[in-house]
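Structure first, then comments.
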Number of protein chains: 2
Amino acid sequence: MTTKRPTIDDVARLSGVARVTVSRVLNGGPNVRDEVRARVMQAVEALDYKVNPQARSLAGGASRLLAFVFASDPENEPNSYYESALELGALRACLALGYQVLVQNVPQQTPDRQKRVLDLITTQRCEGLILSPPYSDDVPLIEAALAQGCKVVTVSPGGPGRGKADGVGVDDEAGGYDMTRELLRLGHRRFGFIAGLEGHLSADRRLKGFQRALAEQGLGEGDCVVLRGDFTFRSGTHLAPRLLDHPLAPTALVCANDDMAAGVLSAAHARGLSIPQDLSITGFDDAPVAAIVWPPLTTVHQPVKILGQRAVEMLVARLTGANLAPEPVFLELEHAVVSRQTTTAI
Amino acid sequence: MTTKRPTIDDVARLSGVARVTVSRVLNGGPNVRDEVRARVMQAVEALDYKVNPQARSLAGGASRLLAFVFASDPENEPNSYYESALELGALRACLALGYQVLVQNVPQQTPDRQKRVLDLITTQRCEGLILSPPYSDDVPLIEAALAQGCKVVTVSPGGPGRGKADGVGVDDEAGGYDMTRELLRLGHRRFGFIAGLEGHLSADRRLKGFQRALAEQGLGEGDCVVLRGDFTFRSGTHLAPRLLDHPLAPTALVCANDDMAAGVLSAAHARGLSIPQDLSITGFDDAPVAAIVWPPLTTVHQPVKILGQRAVEMLVARLTGANLAPEPVFLELEHAVVSRQTTTAI
DNA sequence: TCGCTTATTGGAAGCGCTTCCAATGTCGCT
DNA sequence: AGCGACATTGGAAGCGCTTCCAATAAGCGA
């Protein structure tokens, strides 16, 4: 059966020092002679020693545990690229940094969602918390976590979350703006916009950027129809008729994410419309689905996997003291309009 | 800062029993009077006490930690529905059962992949291991984990893995067979098949089912062209020309998963072909992408999220002793052909 | 050369829980 | 009434690690 793993005492014995010294070198403590340090490391190698994280954590050391919380409700949404890409990125970074991440799915309508998250971090002793939208703007949650001494990084905060904790994301407003500028450049003057779920502030910023671009051209509310979806493909198909039959007859449709854009695209196909001749459609995220639908979707790329990776890096920087900035820092990554084949000049 | 959480001693004190008795009721041990048990539970409630999992694990108790290992290489594949759905299902079940799952991504070409997995379970003290393809057929890995006293459940094992550990999956061969029967019923006689990555035995069973269905109709190797992809959309688009230009001129194409089918579909669109008039295409899995592409993809549904859920349930049944079967048990879930719009009679 | 600061090391005490085993109390039966 | 079997409880030890603090060695200026 289970062969017993070597303990810190085995290492201590083999290297001829006290247990506490081994602990010191393992944790990069100061005041250990290089010669001793080397000897200990050698013993660690020889025994293939690995610290027991439970023991370390119990004794008051670092648990090296991070929590990643996301909201999507798996009963309704089939599977969210955004969140699993974030997670994959986080997993990657953790591997390199020696941390573990506990993933928790807390649907937004969960009544005691704040408690669920806080319980996770206290019970499991998580040292860091990664919050994806819409939790990235949940200030009470952020503050409660912070108050417990847990470091927090928000991914794509869109509003107040931004000021309370470190964050990482793209400039969503600029993304919406850039996409819309491109459509304006192509000659479009009558627009549709499908927004995301209420409370997803970063997605609302895409709408803001859209409106700003229109306003710059002297276009206003009369020149666009704004609908609200829930980020799913289905909401795209459901909303499509309201756009397609709207008296304004938009020639271009900007969506707050790719799935909804794909939904409209599908509904348009079902009606026998030609895309982009009859309607230009754009998405946001550059999820795999954007390249998979036909025709491939023009969209705004954001490096989601890297967002996840940076999130844990920022967290770990706080935990190790590598980042001592007194103010929350926000890391803004690049976005880019990716022109594919659902947009055309008018 | 962090308000100290109550410990088991606090509960013991409040309920007027010894620490060990509290431990007993917490772990559902026998030989505790109902009256005492109730009193303890009441104290637990009153204090909002939660056991410290690190301490429990260190003391030799259950860690309630499971590991979920998957292989996809995030550098190449954008994001795999299959694996994230599995994970979501597992997460769900864990929540209900009071377990935690450590997710680990180990690309298949990792040189020391076996060690990576084993280190995870020994270092973190995982009690159970969920293996997704192709690890579900990695017998040395399974046996090594089992030898360490770690329970194992394989998801969609296709071959020998099936005999070594508990498993859950659908009947992939029957799925391939059923799909092909449907195509035969529609009058197709010349076929293409795009297989999955080598070593994914469950996916190979879909090919077996395909071949069996053909053989039953007296069709053989001369009546089909079999290509091997890697489960990605890109491999579908790459392989498409070799099928579309093949002298056999297949009228129906069966793919080992939806992404590859979507790839061929996209390539067909790019060539100006009409699907399904010019070619019937089918996928496997019924991933979200199947409903999103145009036209929506005929495919074989398998309940991936439930697979993940059942996997942890089976694991926990072993861990708690609810399942004492001496032999590995395999749980077979239902699959179903979902006819959408990429298939037509000829 | 001596006292004092600083660098290095180790001893001891737990972290919160479970295990093992001994100590009771209880019951049924002869 | 007396004895063994069993149910119920608690005491003690210790999981593997870190923290705190004391002990020793080394370095330095006067």
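Chain identifiers are assigned alphabetically (A, B, ...) following the order of the sequence lines, protein sequences preceding nucleic acid strands; residue numbering begins at 1 within each chain.
Proximity note for T7(A) (side chain, C-beta onward) versus dT9(C), dG16(D), dG16(C): the nearest is dG16(D).
In this structure, the CZ atom of R125(B) is 12 Å from the C1' atom of dC17(C), given to the nearest Å. In this structure, N27(B) places its CG atom 11 Å from C1' of dT19(C), rounding to the nearest Å. As a whole-Å value, the separation of Q54(B) CD from dG14(D) P is 23 Å. Distance CZ (R24(B)) to P (dC20(C)): 12 Å, rounded to an integer number of Å. Atom-to-atom, CG of N31(A) to P of dG27(D) comes out at 14 Å; the value is rounded to the nearest Å. Taking atom CZ on R56(A) and atom C1' on dC17(C), their separation rounds to 20 Å, with Å as the unit. What separates CG of L58(B) from P of dG14(C) is a distance of 17 Å, to the nearest Å.
Taking CZ of F70(A) as the reference point, atom OG of S84(A) lies at 8.0 Å (rounded to 0.5 Å). In this structure, the separation between CG on L141(B) and CZ on R116(B) is 12.0 Å, given to the nearest 0.5 Å. The CG atom of L26(A) sits 10.5 Å away from the CZ atom of R37(A) when rounded to the nearest 0.5 Å. If you take CG on D137(A) and CD1 on I142(A), they are separated by 7.0 Å, rounding to the nearest 0.5 Å.
Sorted by first and then second residue, the ring pair (Phe, Tyr, Trp, His ring centres under 6.0 Å) pairs with a member in residues 86-111 of chain B form an empty list; sequence neighbours excluded.
Residues passing the salt bridge (Lys or Arg N to Asp or Glu O under 4.0 Å) test with R310(A), sequence neighbours excluded: E313(A). With sequence neighbours excluded, no residue satisfies side-chain contact (heavy atoms from CB on, under 4.5 Å) with A59(A).
Applying a 4.0 Å cut-off to non-hydrogen atoms, the residues of residues 33-53 of chain B that approach DNA chain D are R33(B), V36(B), listed by residue number. Residues from residues 9-23 of chain B that place a heavy atom under 4.0 Å from any atom of DNA chain D, listed by number: V17(B), A18(B), R19(B), V20(B), T21(B).
We find that R5(A) and D10(A) are not joined by a salt bridge, their nearest charged nitrogen and carboxylate oxygen being 4.0 Å or further apart. With salt bridges taken as basic N to acidic carboxylate O contacts below 4.0 Å, none links R64(A) and E127(A).
Side-chain atoms of D112(A) never come within 3.5 Å of backbone atoms of K115(A) as a donor-acceptor pair (strictly under, hydrogens ignored).
When the C1' atoms of four end pairs are superposed on the next four at each end of the helix from dT1(C)-dA30(D) to dT30(C)-dA1(D), using five pairs per end, the two resulting axes differ in direction by 40°, to 10°.
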side-chain contact (heavy atoms from CB on, under 4.5 Å) between Q100(B) and L120(A), intermediate numbers included
CA-CA 10 Å; Q100(B) 292 289 332; L120(A) 178 74; 3.8 Å; yes

